[in-house]
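Some notes on the structure that comes next.
Remember, predicted model here, so these are calculated numbers, not experimental data. The chains referred to below are lettered A, B, ... by the order of the sequence lines, with proteins before strands, and numbering in each begins at 1.
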Number of protein chains: 2
Amino acid sequence: MSISLGKDRPREAGRGIPGATVARLPVYHRVLVALSEAGVQTVSSEALAAKCGVSSAKFRKDLSYLGSYGTRGVGYDVSYLTFHISRELGSSQPWGVVIVGVGNLGRALISYRGFTSRGFAIVGLIDKHPDVVGEGLAVSELETSVALKVSPLADLEQIVVGTKAQIGVIATPADCAQGVCDRLVASGIRSILNFAPVVLEVPDGVEVRKVDLAVELQILAFHEQRRGYEQEAMNA
Amino acid sequence: MSISLGKDRPREAGRGIPGATVARLPVYHRVLVALSEAGVQTVSSEALAAKCGVSSAKFRKDLSYLGSYGTRGVGYDVSYLTFHISRELGSSQPWGVVIVGVGNLGRALISYRGFTSRGFAIVGLIDKHPDVVGEGLAVSELETSVALKVSPLADLEQIVVGTKAQIGVIATPADCAQGVCDRLVASGIRSILNFAPVVLEVPDGVEVRKVDLAVELQILAFHEQRRGYEQEAMNA
DNA sequence: TTATGTGAAGTCGTTCACAGCC
DNA sequence: GGCTGTGAACGACTTCACATAA
């Protein structure tokens, strides 16, 4: 819809990068950072792709959507490539994340190290239960860690607006999820990560990604079952 | 590496359900169960697909891989369809799940209701840390709930074999994940759900699904960033 | 008439294979 | 010689549109 020219911004970012490629970029980025920390300076598509669990052709094709950041006959400069993928992903600027639901899952997210290193900052914690509200939880921030207090559900809008958060994480039980979602959207949030096992309804322009733990297990079970049948067939 | 069957790739004609379809079946199943609990007996592909967040054409195409369980001009019988999807997913038989790593994430999985209703039973909890080992945690089971004790990492093989678990969940920090994975595989596990932010290496015949919380956020951030540029362009 | 089930067409994503550059 | 970058071929998934059955 919009044609954006001029200015220095990530190459032909946005337009034309397939969703499947976008979903792999974070993995490439993580592996590159690990290589860099191990002192590796140059890497071939073959070696890097192997560490990422993809084919080298797929890796090179993915990179071709961002630009040409390699050197033929040599490979890729680790830090140079890291920088460009990082920029494409937008992890150069810090994204504010609000977590709604401070149960075990919420706490797992809060204690998850590496959010900050990947450009995220947890700026708000919200819960419904009075015995959790007011609790101070350690949230990592750049070098140090800060105690963030859990706010009541009633303050949701105020927290989102006040912290200028861009991403909302729903870690509540299923029956609260749609209500929380509606309020996040009304407060201006357009990116939501949903852990509740419900299909959320949102207006156009809002993106929802979902992670359903039981669904993942069910997919595994499907294949497990099929392997069982194959083995039976072999024994017959 | 790979156990070669007599024939080549194209396994069993007629039984080739696309991966994308398999990934949606659990959602259809969940929505159908909810409808059933709400007392709905019959539903059209249009209505059901809307509740699942997919198009009706996609829904019908997905079902066509399983068989024809609808009635033209009428729709689908909720319980009849539920049964067939359930059967396809293998949730009629209970799958044994071992969880390695009893931190916040592990606890979130343990307290996740609805595992049992979808055909999973948590049969083992394993952790490395002495202060967690021995702790009794409430695990739901059919009607009641049972206290399951956390076992030490050293007992992993014994637990997997003793409980006949089929699925292993890795909820450990990244640096332990590959080691745990190797031991799960060596104990006979062929289906693994990995929450650690590493690419696991496994032999052929073992399926790994991964859930990386930071990756999901990074994908959201990519699109968030893109929207920002679009808005800038509009203001220019 | 209504709503399913499905070939056919279209879109998206992956793999191949090799030209181009170091 | 070695490795990247990429059109072209291939395959997977989605959407369309309608024949089919209640």
Side-chain angles (χ1 to χ4, degrees), chain A residues 11-12 14-28 32 35 40-82 84-85 88 219 222-223, chain B residues 8-28 32 35 40-82 84-85 88 219 222-223:
Chain A
R11 304 284 115 152
E12 299 90 324
R15 190 168 26 274
I17 301 187
T21 295
V22 172
R24 284 187 292 265
L25 291 181
V27 177
Y28 300 161
L32 280 164
L35 280 178
V40 178
Q41 290 184 337
T42 302
V43 69
S44 69
S45 66
E46 195 71 47
L48 187 46
K51 281 188 184 293
C52 297
V54 302
S55 71
S56 66
K58 194 187 274 185
F59 174 80
R60 292 199 304 276
K61 181 61 111 179
D62 282 343
L63 281 197
S64 76
Y65 294 113
L66 315 192
S68 350
Y69 301 126
T71 308
R72 289 166 200 241
V74 179
Y76 301 87
D77 180 87
V78 172
S79 62
Y80 185 66
L81 184 55
T82 306
H84 282 289
I85 292 180
E88 203 67 56
I219 296 170
F222 172 87
H223 295 293
Chain B
D8 254 276
R9 289 298 104 109
R11 313 228 155 142
E12 292 175 73
R15 215 53 185 189
I17 302 181
T21 295
V22 172
R24 283 187 294 265
L25 291 181
V27 177
Y28 301 159
L32 280 165
L35 281 178
V40 178
Q41 290 185 337
T42 302
V43 70
S44 69
S45 66
E46 196 71 47
L48 187 46
K51 281 190 183 294
C52 297
V54 302
S55 71
S56 65
K58 193 187 273 185
F59 174 79
R60 291 199 305 277
K61 182 60 109 179
D62 282 343
L63 281 198
S64 77
Y65 294 111
L66 314 192
S68 27
Y69 300 127
T71 308
R72 289 169 199 238
V74 179
Y76 300 88
D77 180 87
V78 172
S79 62
Y80 185 65
L81 184 55
T82 306
H84 282 289
I85 292 181
E88 202 66 54
I219 296 170
F222 172 87
H223 292 109

[N] phosphate, OP1 or OP2: any side-chain N/O from [X] under 4.0 angstrom?
X	N	answer
Thr71(B)	dT4(C)	no
Ser45(B)	dA3(C)	no
Arg60(A)	dC16(C)	no

Mind telling me whether His84(A) and Tyr69(A) have parallel, tilted or perpendicular rings, with 30° and 60° as the class edges?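 Parallel.
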
The side chain of [X] is closest to which nucleotide in this list: [options]?
X	options	answer
Lys61(A)	dT4(C), dT6(D), dG5(D)	dT6(D)
Arg72(A)	dA17(D), dT20(D), dC3(D)	dC3(D)
Ser64(B)	dG5(C), dT14(C), dT14(D)	dG5(C)
Lys58(A)	dT15(C), dT4(D), dT6(C)	dT15(C)

For [X] and [N], what is the distance between atoms [atom1] and [atom2] respectively, to the nearest whole Å?
X	N	atom1	atom2	value
Tyr76(B)	dA3(C)	OH	P	12 Å
Asp77(A)	dC22(C)	CG	P	16 Å
Arg24(A)	dG13(C)	CZ	C1'	8 Å
Phe59(A)	dT4(D)	CZ	P	8 Å
Asp62(B)	dT6(C)	CG	P	13 Å
His84(A)	dT4(D)	NE2	P	16 Å

Measure across Pro26(B) and Val22(B) and return the closest heavy-atom pair with its distance rounded to 0.1 Å.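 Closest pair (atom of Pro26(B), atom of Val22(B), distance): CD-O, 3.0 Å.
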
Would Val43(A) and Lys51(A) count as a side chain to side chain contact (heavy atoms under 4.5 Å, CB included) if you check the C-alpha gap in whole Å, the side-chain angles of each, and the deciding distance to 0.1 Å? CA-CA 11 Å; Val43(A) 69; Lys51(A) 281 188 184 293; over 6 Å; no

On DNA chain C, nearest-nucleotide positions of Gly19(A) versus Glu46(B): which is more 5'? Glu46(B)

Specify the residue among Leu63(B) and Pro18(A) whose closest nucleotide of DNA chain C lies further upstream toward the 5′ end. Leu63(B)

About how many Å separate CG of Leu48(A) and CZ of Arg60(A), when rounded to the nearest 0.5 Å? 11.5 Å

Atom OG1 of Thr71(A) and atom OH of Tyr76(A): how far apart are they, to the nearest 0.5 Å? 9.0 Å

Within the 4.0 Å heavy-atom criterion, would you say Tyr69(B) contacts the bases, only the backbone, or no part of the nucleic acid? sugar-phosphate

May I ask you to say what Ser56(A) touches in the nucleic acid, namely base, sugar-phosphate or nothing, with a heavy-atom cut-off under 4.0 Å? nothing

